[in-house]
There are 2 protein chains.
Amino acid sequence: MQQSVSSFRRKAVCSNCRLRELCLPVGLSAGEMQRVDDISHLKRGYARGDYLYRSNDKFQSLYAIRKGSFKTQVLHEDGREQVTGFQMTGEIIGLDAICTDHHTCDAVAMESSEVCELPFNKLEALSRELPSLQRHLHKIMSREIVRDQGIMLLLGSMRAEERLAAFLLNLSQRLAARGLSPTQFQLRMSRQEIGSYLGLKLETVSRAFSNFQDNGLINVRARAVELLDLPALHALVGKQQ
Amino acid sequence: MQQSVSSFRRKAVCSNCRLRELCLPVGLSAGEMQRVDDISHLKRGYARGDYLYRSNDKFQSLYAIRKGSFKTQVLHEDGREQVTGFQMTGEIIGLDAICTDHHTCDAVAMESSEVCELPFNKLEALSRELPSLQRHLHKIMSREIVRDQGIMLLLGSMRAEERLAAFLLNLSQRLAARGLSPTQFQLRMSRQEIGSYLGLKLETVSRAFSNFQDNGLINVRARAVELLDLPALHALVGKQQ
DNA sequence: TGACCGGTTTGATATATGTCAAAATTCATG
DNA sequence: CATGAATTTTGACATATATCAAACCGGTCA
């Protein structure tokens, strides 16, 4: 688990951040979007295992993931680490920290990644001037709440295979949102990380994958996954999500 | 499960809402607080089983719970209902709905209750003028995210007794925040509801209560609970939370 | 007071998942 | 292409929780 912080670049006008397409795709005029770009910085060069931030770091910014993906995790006092989320290209990370001014989890790159840093003070100030930005910020935060509550439902009421089906469909949907193939993709995380996220042991995850394979629901070889029978997967999950 | 909607009262100046003490205790001057009171309505007369809102209702407002307590729950397609949270006096409810404009769960009174309605559009508009209100709103939303992630950790990595210990300590802490006895209280919810929330069956919850009793960690008779050995309870949970 | 009725506790057993261990596969590296 | 490390799969067994069933409260209402 490396700790290097990667290269850092700042531009007064950071059109590279492409926030428009990525994370804030609503209701802003070109001029307004320009003002969001103006307060953001591009940060690149995160390699697998690099930290974007750590638990207890002072909260400064939200980050829009421009390339790559991250996981968030907490370290329990006994050394175990538990994954609390996977964040992919185009999503926002860092929302955990606003209420305490300090981060409550670690954010670790799962592959070569780039982010767009959004200093929260400036974002708040700007959102006082731009109601549609304000509303969008609220939606992003609320979406995170809904997402977390969805996982609570998953953990609270579903068995191993149902959890894995929900996980795969969720990934699929997020890939589709980025215009990528929703039925054929490479997992960026290990069985162990999936298990940690789903509240299962890695062996249980592996067995569930094998069962799906045996029943023709998916094709899986190591981290390459192909979803074959979406209706069956949805049926496992029930209708929620 | 009743459906009556209860009485409703509106006041141009709703000083009864006492938002200052309840849910927004930070950084606002008396004049600023008055402006928050001005946009809020008192709604009273919710009886046990009454709905504050229902899943798919259009999102209009957040609610500060002035008296009593509510649970939030989702109905699965097969009829099972799962509790997603318990909200007590002084807390805010309704945050789930901002991102979709529609509520994602039911909110049901667990006892005789009153709320203060905060129309979200007006709250947003006011928070554009009052930075400290804006910041506080963000903190409330972020706190909900952190709270939900705490439950994810709980559901993902803890066994039945650890979950129950975490639940009891969480209740205790929230009671303390309201100046009530943190070691002796009446549960407002059934074993079934606790189990639904913690991802356990009611029998498992009951057995865990009995074990705690047998080991001198708590006294429990039906819904009356007394926490006897806080250190032992904390030890069960680990240090998180 | 007595008889209910929902909620709770307790018991016996089934089942899903965890645990431990080994084999098989994939991946990185020279 | 060969080697070894890491990850994944599979197997046998242990254990926590679910399930089903019955008994036991603790209130409410005649």
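We use all heavy atoms of the structure for the numbers below, so side chains are in, but hydrogens, waters and symmetry mates are not. From a predicted model like this one, the values you see are computed outputs, not experimental measurements. Proteins get letters first, then strands, A, B, ... in listed order; numbering begins at 1 in each.
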Under the side chain to side chain contact (heavy atoms under 4.5 Å, CB included) criterion, do B:K58 and B:H102 qualify, and how do the steps go? CA-CA 4 Å; B:K58 179 139 177 51; B:H102 291 273; 4.2 Å; yes

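- Between B:L75 and B:S55 there is no side-chain heavy-atom pair separated by less than 4.5 Å.
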Under the side chain to side chain contact (heavy atoms under 4.5 Å, CB included) rule, what do A:V220 and A:F212 come out as? Steps first, then yes or no, please. CA-CA 9 Å; A:V220 56; A:F212 285 174; over 6 Å; no

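- Summarising the geometry, the separation between NZ on A:K201 and C1' on C:dT17 is reported as 10 Å, rounded to the nearest angstrom.
- Between A:E193 and A:K71, the closest side-chain pair of non-hydrogen atoms falls below 4.5 Å.
- To the nearest angstrom, P of C:dA16 lies 16 Å from CE of A:M158.
- The only option from B:D96, B:T104, B:T84 that meets the side chain to side chain donor-acceptor pair (under 3.5 Å) definition with B:T72 turns out to be B:T84.
- Distance CG (A:L236) to P (C:dA16): 14 Å, rounded to an integer number of Å.
- For residues 191-198 of chain A, proximity to DNA chain C is found at no residue, defined as any non-hydrogen atom under 4.0 angstrom from a strand atom.
- For DNA chain C, the neighbouring residues in residues 205-225 of chain A, judged by any heavy atom under 4.0 Å, are A:R207, A:R221, A:A222.
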Side chain to side chain contact (heavy atoms under 4.5 Å, CB included) assessment of A:F70 paired with A:E91: CA-CA 10 Å; A:F70 290 80; A:E91 300 179 335; over 6 Å; no

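- Regarding A:L155, its CG atom lies at a distance of 16 Å from the C1' atom of C:dA16, rounded to whole Å.
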Kindly determine whether B:L180 and B:F185 satisfy side chain to side chain contact (heavy atoms under 4.5 Å, CB included), including the steps that lead there. CA-CA 9 Å; B:L180 302 176; B:F185 47 87; over 6 Å; no

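- Rounding to whole angstrom units, CZ of residue A:R163 and C1' of C:dG18 are separated by 13 Å.
- The closest donor-acceptor contact from the side chain of A:R188 to the backbone of A:M110 lies at 3.5 Å or more, if one exists at all.
- For the pair B:L164 CG and D:dT17 C1', the interatomic distance rounds to 14 Å; values are reported in whole Å.
- Separating the CE atom of B:M189 from the P atom of C:dG7 is a distance of 15 Å, rounded to the nearest angstrom.
- Partners of A:R223 according to the side-chain contact (heavy atoms from CB on, under 4.5 Å) rule, which considers only residues two or more places apart in sequence or in another chain, are A:Q186, A:L187, A:S190.
- In this structure, B:L202 reaches the bases: a heavy-atom distance under 4.0 Å links it to at least one base atom across the strands shown.
- Residue B:E203 has its side chain nearest to C:dT10 when only D:dT8, C:dT10, D:dT17 are considered.
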